[in-house]
Amino acid sequence: MEYGLIGEKLGHSYSHMIHARLADYRYELKEVAPERLDAFIEARNFRGLNVTIPYKQAVMKHCAELSPEAMEVGSVNTLIVRPDGSLFGHNTDIDGFIYMLRRGEIDPAGAKAVILGSGGTSLTARAALTRLGAREIVTVSRKGPVDYAALYAEHADAEILVNATPVGMYPKNGASPVELDRLPKVRGVADVIYNPEKTALILAAQAKGIPAVSGLSMLVAQAREAAELFAGHAIPAGRVEDIVSEIGAQTLNLILVGMPGCGKSTLGQAVAAALQREFVDCDAEIVRRAGKSIPEIFAQDGEGAFRALESGVLTDVCRGHGLVISTGGGAVLRAENRDAMRQNGRVCLIRRALALLPRDGRPLSASEDAVARLWEARRAAYETAADFPVENDGTVEAAAEKIREGFYEAAHH
């Protein structure tokens, strides 16, 4: 291999698509088992490497020289093979972490900061927070001197919270390492996880109006610095934001919500075809799992059973990436469903005149009055869930184009 990333498990990694946008070299992902790490490094069948969990400290013993940044952090995430065959170890994570905090407008100067996790990323966070003038830094881990019980009992006055654990990372979306309600002084949250875009921790912070930032910008910023070493030339700093937006547009789901019969499935299929993406109809998936139609589910099992099944489908489907997803008319009613949509997607509200909505075979909108009441009952939930609205008042092609434009605009924010 020429350049690439090594780690134990790399199924979640975006590094290949990032480096492809940064410079013109071959970049590969290479999963290496722990017992093979030393032999792999010593074989030197590469020109340069990025290193991720759990090897950032393990590779240090192979380096003939460490950069000041690597020594400051106490871990290495970038290896360069020098002309004499020896290894130079560097750390680009610290500058990437600082970039992430500044992008999220989180200033730790004079603040008490808590870092969740004690691995290599935790060391990066500590070094960065120290550089930026944090007043106190506490590391919390399950087996450390400060565990999670001690966090709530002794450090509930934390002001900056950093998640440097994999809790909440794809495919185990929805988990949070802490209960944010028990840390009432927090005024900034940084989660180094970038897949999903918004972890449960970030969603909880945003719900409280707390500035929160995910790890994608850190990943891209540190990759830019590594790519400069690999390619041997400078890369404009502005490429970081360009690539963050490009990766977002490529990996985020487009999720359609709206009243029953507003055209979500038809428009979803049209947009998916235009974007060359997979289309998923959640109602169709519910029918497949239940083995019966939605009216039959309502009649035989009740609305509660239907909503529970709907939530399970949404949780599973919204873990995916780059999908176009059509939801049922009432999917926005549950907060957990809205969170599932937001974690890795942008939500489009399809609007259509109530008089044009079909009513046949729809248990909750069987009459004109029922449709009007349903809209009034759900309007706030639709508008809360949506990132942007689109009027379905013309041709399918016209509405699909408006959805596509709205999605790309929302994905860049």
Side-chain angles (χ1 to χ4, degrees), residues 12 52-54 56-57 72-75 93-94 96-98 100-219 335-336 339 342-343:
H12 65 285
T52 190
I53 297 171
K56 292 184 179 184
Q57 293 169 285
E72 179 183 6
V73 175
S75 69
D93 279 338
I94 186 168
F97 189 93
I98 290 171
M100 174 182 66
L101 289 187
R102 288 175 174 163
R103 187 177 193 267
E105 299 182 345
I106 297 171
D107 182 6
K112 179 173 181 175
V114 164
I115 303 169
L116 308 178
S118 57
T121 306
S122 175
L123 298 175
T124 297
R126 175 172 285 275
L129 291 168
T130 299
R131 272 197 199 182
L132 295 175
R135 181 184 81 252
E136 180 182 356
I137 303 172
V138 178
T139 298
V140 177
S141 65
R142 289 173 298 176
K143 299 180 180 179
V146 181
D147 60 15
Y148 285 83
L151 166 64
Y152 299 127
E154 302 169 16
H155 302 287
D157 57 342
E159 298 165 278
I160 304 297
L161 181 66
V162 175
N163 179 35
T165 78
V167 176
M169 185 171 70
Y170 175 84
K172 297 183 179 180
N173 305 33
S176 177
V178 293
E179 299 172 50
L180 204 51
D181 286 341
R182 300 178 68 181
L183 301 170
K185 301 292 186 181
V186 168
R187 57 174 176 81
V189 172
D191 194 329
V192 300
I193 292 172
Y194 56 87
N195 183 4
E197 180 200 33
K198 296 178 181 178
T199 60
L201 178 60
I202 285 183
L203 289 171
Q206 291 179 337
K208 293 176 174 293
I210 298 171
V213 63
S214 71
L216 182 58
S217 61
M218 174 183 171
L219 181 70
E336 61 263 38
D339 282 349
R342 288 193 189 104
Q343 66 182 336

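Quick note: numbers below take in every heavy atom, side chains included, and nothing from hydrogens, waters or symmetry partners. In what follows, residues are counted from 1 in the order of the sequence shown.
Between E197 and R342, no side-chain nitrogen of the basic residue sits less than 4.0 Å from a carboxylate oxygen of the acidic one, so the salt-bridge criterion is not met. Between D339 and K198 there is no salt bridge, since none of the side-chain N atoms of the basic residue sits less than 4.0 Å from a carboxylate O of the acidic one. D157 has a carboxylate O that lies under 4.0 Å from a charged side-chain N of K112, or vice versa, which qualifies the two as a salt bridge.
Put simply, CG on N195 and CG on N173 are 7.0 Å apart, with the number rounded to the nearest 0.5 Å. Atom-to-atom distance recorded for L219:CG and Y194:OH is 5.0 Å, nearest 0.5 angstrom. The distance from the CD atom of E179 to the OH atom of Y152 is 4.5 Å, given to the nearest 0.5 Å. The distance from the CD1 atom of I202 to the CG atom of L180 is 11.0 Å, given to the nearest 0.5 Å. Going from atom OH of Y170 over to atom CD of Q343 covers 10.5 Å, rounded to the nearest 0.5 Å.
Taking each heavy atom of V192 and A164 in turn, the nearest pair found is CG2-CA, 3.9 Å. Across every non-hydrogen atom of P211 and I106, the tightest pair is O-CD1, 4.0 Å. A205 and A212 make their closest contact through CB-CB, 3.9 Å (heavy atoms, listed as atom of the first residue, atom of the second, distance). Between V167 and P177, the shortest heavy-atom distance links the atoms CG1-N, 3.6 Å. Pairing each heavy atom of D107 with each of R187, the nearest pair is O-NH1, 3.2 Å. Here the shortest heavy-atom pairing between A156 and L183 reads CA-CD2, 3.8 Å.
Annotation: side chain of V178 is in contact with side chain of L201 (closest heavy-atom distance under 4.5 Å). Two residues are said to be in side-chain contact when any heavy atoms from C-beta on lie closer than 4.5 Å; R102 and L132 meet this criterion. Proximity of P108 to L101: side-chain heavy atoms (C-beta onward) are separated by under 4.5 Å at one or more points.
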Worked verdict on E136 versus V138 for side-chain contact (heavy atoms from CB on, under 4.5 Å): CA-CA 7 Å; E136 180 182 356; V138 178; 3.7 Å; yes
Could you check V114 against V186 for side-chain contact (heavy atoms from CB on, under 4.5 Å), going step by step and ending with a plain yes or no? CA-CA 10 Å; V114 164; V186 168; over 6 Å; no
Are I115 and L129 close enough, and set up right, to give a side-chain contact (heavy atoms from CB on, under 4.5 Å), and what steps lead you there? CA-CA 10 Å; I115 303 169; L129 291 168; 3.9 Å; yes
Might you work through the side-chain contact (heavy atoms from CB on, under 4.5 Å) test for D93 and V73, ending with a clear yes or no? CA-CA 9 Å; D93 279 338; V73 175; over 6 Å; no
Could you go through D191 and S214, starting from their C-alpha distance and side-chain angles, then the distance that decides it, and tell me whether this counts as side-chain hydrogen bond (donor to acceptor under 3.5 Å, both in side chains)? CA-CA 5 Å; D191 194 329; S214 71; over 6 Å; no
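In this structure, Y148 contributes its side chain and L116 its backbone to no donor-acceptor pair below 3.5 Å. Between the side chain of R182 and the backbone N or O of L151 there is no donor-acceptor pair closer than 3.5 Å.
Residues satisfying the side-chain contact (heavy atoms from CB on, under 4.5 Å) test with E72, not counting sequence neighbours, are I94, A127, R131.
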